[in-house]
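Being a predicted model, the structure only gives us computed values, none of them experimental. We count residues from 1, following the sequence as given. Note that ligands are numbered from 1 as they come in the structure, with each ligand's atoms numbered from 1 the same way. Heavy atoms only: backbone and side chains are in, while hydrogens, waters and symmetry mates are out.
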Amino acid sequence: MSDKRNLNVCLSPELFHLFSEGKKIVVVVDVLRATSVISTAFHYGIKDVIAVESLEAAARYKGKENCIVAAERNAEALDGFDYGNSPFQYMNDEIKGKTLVLTTTNGTRAINMAKQHVVIISSFVNFKEVYNFIKNREEDVLIFCSGWKGNFNMEDSLFAGKLAEKLLNSDNFQSNCDSVLAAISLYKSAENDLFLYLENSAHRNRLKHLNMEPDTRFCLSPTFESDIVPILKDGKLIRHEK
Ligand code: MLT
């Protein structure tokens, strides 16, 4: 019996039930844009994040003291909420020490689907820190791609490939999951220019048509690196204390 830890990649929430037994580290990724936003908000000093699935649940926090209530559907910000889901909106001092209540099309759903596990939030913003966090633990790992409305998406799978490759190269992990192989091979084809590689991908084009290409560029090549790993504790994402 190998003492290596198991590594898996779940390419879509529709497949999550195949990986959900036991208690493992679930690395939730929604590169465009929910987990990039959450990583950015922590970098700019948000206290904690409550990820909710429905607009109604988010709306219940409106007007609550020290709360920012943010919502996105189909990549668009919604009227009646403080913020949308663009990382640039969170790059300010106003958010310092506040609670962010966030609902998005895919990312916040994935976070809630995985809540019985050790859930951490990953993006290219905090990639290195996520890797270090995982290295210093013992559980098996599942990289969970948020996808798009249950479908596979390219950007999350690319991220999963980059992280999976680094973990397998650390020699602490083993995998007999073809999703891991597929994600790594996808990343290897794209690693020189992720933005160009995603030229024809669905969500990059959705954001393009909404004049949000700067968001895509930032989420794929962040202008800063965060040393914070958001982790789910008692229903809230808080910064993991090293
Ligand atoms: C999501 O959760 O579906 C995404 O973050 C969508 C987006 O805001 O681009």
Side-chain angles (χ1 to χ4, degrees), residues 10-16 26-44 46 49-59 61 68-91 95 100-115 119-127 130 143-160 194-195 197-222 226 230 232 237:
C10 177
L11 292 171
S12 148
E14 301 310 310
L15 298 170
F16 185 71
V26 174
V27 185
V28 175
V29 56
D30 186 345
V31 170
L32 299 179
R33 298 166 291 169
T35 59
S36 301
V37 159
I38 293 170
S39 305
T40 299
F42 273 102
H43 185 74
Y44 277 80
I46 209 85
V49 176
I50 302 174
V52 294
E53 290 189 60
S54 72
L55 295 170
E56 296 69 34
Y61 290 86
I68 293 169
V69 186
E72 162 275 331
R73 286 294 182 270
N74 300 313
E76 298 199 78
L78 301 179
D79 295 340
F81 290 88
D82 305 319
Y83 283 24
N85 201 31
S86 168
F88 295 105
Q89 281 185 295
Y90 297 84
M91 299 180 186
I95 71 167
L100 169 62
V101 178
L102 177 67
T103 182
T104 71
T105 310
N106 306 287
T108 52
R109 176 174 175 243
I111 293 165
N112 283 285
M113 286 175 74
K115 60 188 175 206
V119 175
I120 62 170
I121 299 300
S122 66
S123 67
F124 289 111
V125 174
N126 65 348
F127 179 86
V130 164
I143 306 171
F144 185 15
C145 300
S146 303
W148 180 259
K149 299 186 179 180
N151 291 292
F152 164 96
N153 76 18
M154 295 283 275
E155 60 274 11
D156 295 343
S157 309
L158 286 175
F159 179 91
L194 300 183
F195 185 75
Y197 189 82
L198 292 173
E199 192 167 25
N200 301 317
S201 68
H203 205 48
R204 184 186 149 187
N205 281 290
R206 242 178 245 115
L207 292 169
K208 185 176 177 184
H209 292 122
L210 293 165
N211 300 317
M212 293 185 198
E213 288 257 88
D215 286 31
T216 303
R217 285 189 182 282
F218 170 80
C219 293
L220 296 175
S221 316
S226 171
L232 194 63
L237 291 166

Q: Looking at Ala34, which atoms of ligand 1 are within less than 4.0 Å of one of its heavy atoms?
A: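 The list of qualifying atoms is 2 (O), 5 (O).
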Q: Could you go step by step and tell me if Arg33 and Glu72 meet the salt bridge (Lys or Arg N to Asp or Glu O under 4.0 Å) rule?
A: CA-CA 10 Å; Arg33 298 166 291 169; Glu72 162 275 331; 5.2 Å; no
Q: Which atoms of ligand 1 are found less than 4.0 Å from any heavy atom of Asn106?
A: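 Once the distances to Asn106 are compared, the set is 1 (C), 2 (O), 3 (O).
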Q: Can you spot which of Val28, Val29, Asp30, Val27 makes a side chain to side chain contact (heavy atoms under 4.5 Å, CB included) with Ile121?
A: Val28
Q: For the side chain to side chain donor-acceptor pair (under 3.5 Å) test, which of Thr104, Thr103, Thr105, Asn85 pairs with Arg73?
A: Thr103
Q: Show me which atoms of ligand 1 lie under 4.0 Å from any heavy atom of Thr104.
A: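 In order of numbering, the contacting atoms are 1 (C), 2 (O).
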Q: Tell me, which protein residue and heavy-atom name are nearest atom 1 (C) of ligand 1, and how many Å apart are they?
A: Asp30 OD2, 3.1 Å
Q: In ligand 1, which numbered atoms sit nearer than 4.0 Å to a non-hydrogen atom of Arg33?
A: 4 (C), 5 (O), 7 (C), 8 (O), 9 (O)
Q: For ligand 1, is there an N or O atom under 3.5 Å from any N or O atom of Leu207?
A: no
Q: Where's the contact between His203 and ligand 1, heavy-atom distance under 4.0 Å: side chain, backbone, both or neither?
A: side chain
Q: Give, for atom CD1 of Ile68 and atom CD of Gln89, the distance between the pair rounded to the nearest 0.5 Å.
A: 10.0 Å
Q: Where on Val37 is there a heavy atom closer than 4.0 Å to ligand 1, on the side chain, on the backbone, on both, or on neither?
A: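 Near ligand 1, Val37 shows nothing, with every heavy atom at 4.0 Å or more.
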Q: State the atoms of ligand 1, each with its element, that fall below the 4.0 Å cut-off from a heavy-atom position in Leu32.
A: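 Matching atoms, with element in brackets: 4 (C), 5 (O), 6 (C), 7 (C), 9 (O).
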Q: Answer yes or no: are there more than 12 heavy-atom neighbours, outside Arg206 itself, under 6.0 Å from its atom CZ?
A: yes
Q: At less than 4.0 angstrom from any non-hydrogen atom of Gly107, what atoms of ligand 1 do you find?
A: 1 (C), 2 (O)
Q: What pairs with Asn211 under side chain to side chain donor-acceptor pair (under 3.5 Å), at least two apart in sequence or on another chain?
A: none
Q: What do you reckon, is OH of Tyr61 surrounded by more than 12 foreign heavy atoms closer than 6.0 Å?
A: no
